[in-house]
Amino acid sequence: MAAKRKLAENPNSELIDFLHELADYEKNVSRMIHKYNAYRKAASSIAKIDHKIQSITDIKGLEGIGKKIAAKIEQYLSTGKIKKLETNRGDETGAAINQMTRVMGIGPTHANKLVHQEKITSIDELRSHPKRDQLLNKTQQLGLKYLEEFEQKIPRDEIKQMETILLREITAMDNLLRAEIVGSYRRGATASSDIDVLVTHPAVAKLPSLLHKIVETLTKQFHFITDTISIGDSKFMGVCQIDTSKLHRRIDIRVFPSEQYYCALLYFTGNDQLNRHMRIVAQEQGYKLNEYSIQKVGSTGTLSKPLPVTSERDIFDYLQMDYKEPHERNM
DNA sequence: GTCCT
DNA sequence: GGGAATGCGC
DNA sequence: AGGACCGCGCATTCCC
């Protein structure tokens, strides 16, 4: 049997976990989303270092690391702990709020409400609460039902099987339909947190019920989709299961008109960092790029009509960037 | 919390 | 009832 | 010192 080498864990994973924990507290408990992002950014900078950080000089000047976080890392290096984190951990109310946000649909606002007003302190208490159904909306009830399943990563192989079914059934409905699974799966990841599907049809503007039909078929005929979280004309969010022996998974399906398809494909394939990078390059070159289109920006800030795009490569070309294959987009 | 102006 | 604002996820 | 940090689709709640 071929030796399956476990991917070496990041040498600084403990520090990265600490920063993520600080980030979560800021987002969920303090409701400071920008601090959350700041901690995440610092953590991702550190994740790029391939050796164990020995001293503060190893990280000084790293992107996203300023005085406060540098000081915390120094604390961690000399004492193995971070005071602020210990304090956060001692905050039982905060811990309860953090727990509540594990449920899809329960964000910082609702989590705070559940803990402060309803005095709920754990997921178990939420599950057994007599007024559970009044306390939670539809999305949150599904989130609670599938909490443990949604926290499991989806192996690439399982997504591959889903892809086979999805593409077959979608094209069977209408052979002008084209669909692709995007996200980290398209970038080659060995496991993903959800399934993100892009769909296009040359006449989508005339088919406002297209998405509803796709979803209905996948639900009623194939029992692939098990629950709907939300659905409109362009975006479906829901739950699917490849067969009853497998876990329930989060799935999103988005429909775009063909002239927007490749901008959407690029955007939803990501990763985030590449998207940001390309948006900035676009700005520098006098373009505006988003998930719908690429437009020329006039001197007065006026936007041109969306430029013609018939492939992802076209977008790289406009920006005079070298084309990157999906698997090369993990920045 | 960090970066930029 | 229905438009506006908010929460959430991505 | 002080503002930006993506912004948009959908569901729900708020408010007239």
Side-chain angles (χ1 to χ4, degrees), chain A residues 18-46 59-73 82 84-85 88 97 100-114 133-144 146 150 182-185 192-199 208 211-212 215 227-239 250-256 260 263-264 266-280 282-283 288-293:
Chain A
F18 281 178
L19 291 172
H20 283 166
E21 201 176 330
L22 288 163
D24 287 343
Y25 190 91
E26 294 299 342
K27 171 164 72 73
N28 300 329
V29 184
S30 311
R31 283 184 272 192
M32 299 273 182
I33 189 63
H34 300 300
K35 290 194 183 186
Y36 163 82
N37 284 320
Y39 277 120
R40 302 288 299 202
K41 184 178 177 185
S44 106
S45 279
I46 287 175
I59 52 102
K60 268 286 192 214
L62 238 51
E63 187 181 21
I65 298 186
K67 289 205 164 167
K68 307 278 280 284
I69 291 183
K72 287 179 173 65
I73 292 172
I82 298 171
K84 169 88 170 172
L85 189 51
N88 291 354
I97 292 168
M100 297 299 118
T101 62
R102 287 170 57 202
V103 176
M104 177 192 56
I106 300 184
T109 301
H110 208 83
N112 270 270
K113 199 173 292 180
L114 290 172
D133 294 352
Q134 293 89 284
L135 258 27
L136 304 179
N137 66 31
K138 284 283 196 55
T139 303
Q140 295 162 343
Q141 291 179 35
L142 283 173
L144 189 55
Y146 295 127
F150 289 168
V182 291
S184 60
Y185 172 77
S192 305
S193 50
D194 60 11
I195 303 127
D196 205 349
V197 187
L198 248 49
V199 174
L211 185 54
H212 291 79
V215 169
D227 303 87
T228 293
I229 295 164
S230 69
I231 183 167
D233 287 341
S234 67
K235 188 177 74 173
F236 163 83
M237 300 175 82
V239 185
R250 277 280 296 107
I251 182 169
D252 293 346
I253 305 176
R254 297 163 214 269
V255 177
F256 286 90
Q260 295 180 355
C263 284
L266 177 68
Y267 180 86
F268 288 105
T269 298
N271 66 6
D272 293 351
Q273 290 214 49
L274 177 70
N275 288 346
R276 269 196 292 279
H277 176 66
M278 290 187 75
R279 234 182 261 179
I280 290 168
Q283 262 184 354
K288 173 183 161 63
L289 173 68
N290 58 25
E291 66 264 53
Y292 305 110
S293 67

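Residue numbers start from 1 in every chain, and the chains themselves are labelled A, B, ... in the order their sequence lines are given, proteins ahead of strands.
- The side chain to side chain contact (heavy atoms under 4.5 Å, CB included) search around A:R276 returns A:D272, A:Q273, not counting sequence neighbours.
- The side chain to side chain donor-acceptor pair (under 3.5 Å) test applied to A:R250 returns A:D252, not counting sequence neighbours.
- In terms of modelled atom types and a separation under 3.5 Å, the side chain of A:Q141 and the main chain of A:K138 share no donor-acceptor contact.
- Distance noted for atom P between B:dT2 and D:dC8: 29 Å (whole Å).
- Across all strands, A:M104 comes closer than 4.0 Å only to sugar-phosphate atoms, never to a base (heavy-atom distances).
- Across all strands, A:D252 comes closer than 4.0 Å only to sugar-phosphate atoms, never to a base (heavy-atom distances).
- On the nucleic acid side, DNA chain C has its first and last nucleotide under 4.0 Å of a heavy atom of chain A at C:dG7 to C:dC10, going 5' to 3'.
- Here A:K72 lies in heavy-atom contact (under 4.0 Å) with sugar-phosphate atoms only.
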Worksheet item: What string of B, S and - do you get for nucleotides 5-13 of chain D, 5' to 3', if B is base contact, S is sugar-phosphate-only contact and - is no contact with any protein heavy atom under 4.0 Å?
Response: BB-SBSSS-
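- Partners of A:S45 according to the side chain to side chain donor-acceptor pair (under 3.5 Å) rule, which considers only residues two or more places apart in sequence or in another chain, do not exist here.
- A distance of 5.0 Å separates CG in A:L19 from CD1 in A:I46, rounded to the nearest 0.5 Å.
- Annotation: side chain to side chain contact (heavy atoms under 4.5 Å, CB included) contacts of A:Y267 (sequence neighbours excluded): A:N275, A:R279, A:E291.
- Distance check on atom C1': B:dG1 versus D:dC10 gives 31 Å, rounded to whole Å.
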Side chains of residues 104-111 of chain A: which donor-acceptor partners sit under 3.5 Å, not counting sequence neighbours?
{"residue": "A:H110", "atom": "NE2", "partner": "A:L135", "partner atom": "O", "Å": "2.9"}

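- Legend: residues meeting ring-ring contact (aromatic ring centres under 6.0 Å, His included) with A:F18, ordered by chain and number and at least two apart, are A:Y76.
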Anything under 3.5 Å between a donor and an acceptor, one on a side chain of residues 28-36 of chain A, the other on a protein residue two or more places apart or in another chain? List them.
{"residue": "A:N28", "atom": "ND2", "partner": "A:D24", "partner atom": "O", "Å": "3.3"}
{"residue": "A:N28", "atom": "ND2", "partner": "A:N98", "partner atom": "OD1", "Å": "2.6"}
{"residue": "A:N28", "atom": "ND2", "partner": "A:T101", "partner atom": "OG1", "Å": "3.1"}
{"residue": "A:S30", "atom": "OG", "partner": "A:E26", "partner atom": "OE1", "Å": "3.4"}

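- Nucleic acid contact for A:Y39: sugar-phosphate only, since backbone atoms but no base atoms lie under 4.0 Å from a heavy atom of the residue.
- In this structure A:S44 satisfies the side chain to side chain donor-acceptor pair (under 3.5 Å) test with no other residue, sequence neighbours excluded.
- Among residues two or more places apart in sequence or in another chain, the side chain to side chain donor-acceptor pair (under 3.5 Å) test is passed with A:Y39 by none.
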Expected rows: protein N/O vs nucleotides 2-5 of chain B N/O, under 3.5 Å:
{"residue": "B:dT2", "atom": "OP1", "partner": "A:G66", "partner atom": "N", "Å": "2.9"}
{"residue": "B:dT2", "atom": "OP1", "partner": "A:G66", "partner atom": "O", "Å": "3.4"}
{"residue": "B:dT2", "atom": "OP1", "partner": "A:I69", "partner atom": "N", "Å": "2.8"}
{"residue": "B:dT2", "atom": "OP2", "partner": "A:K68", "partner atom": "N", "Å": "3.2"}
{"residue": "B:dC3", "atom": "OP1", "partner": "A:G64", "partner atom": "N", "Å": "3.1"}

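- Residue A:R250 is in sugar-phosphate contact alone, with no base atom involved, counting any heavy-atom pair closer than 4.0 Å across all strands shown.
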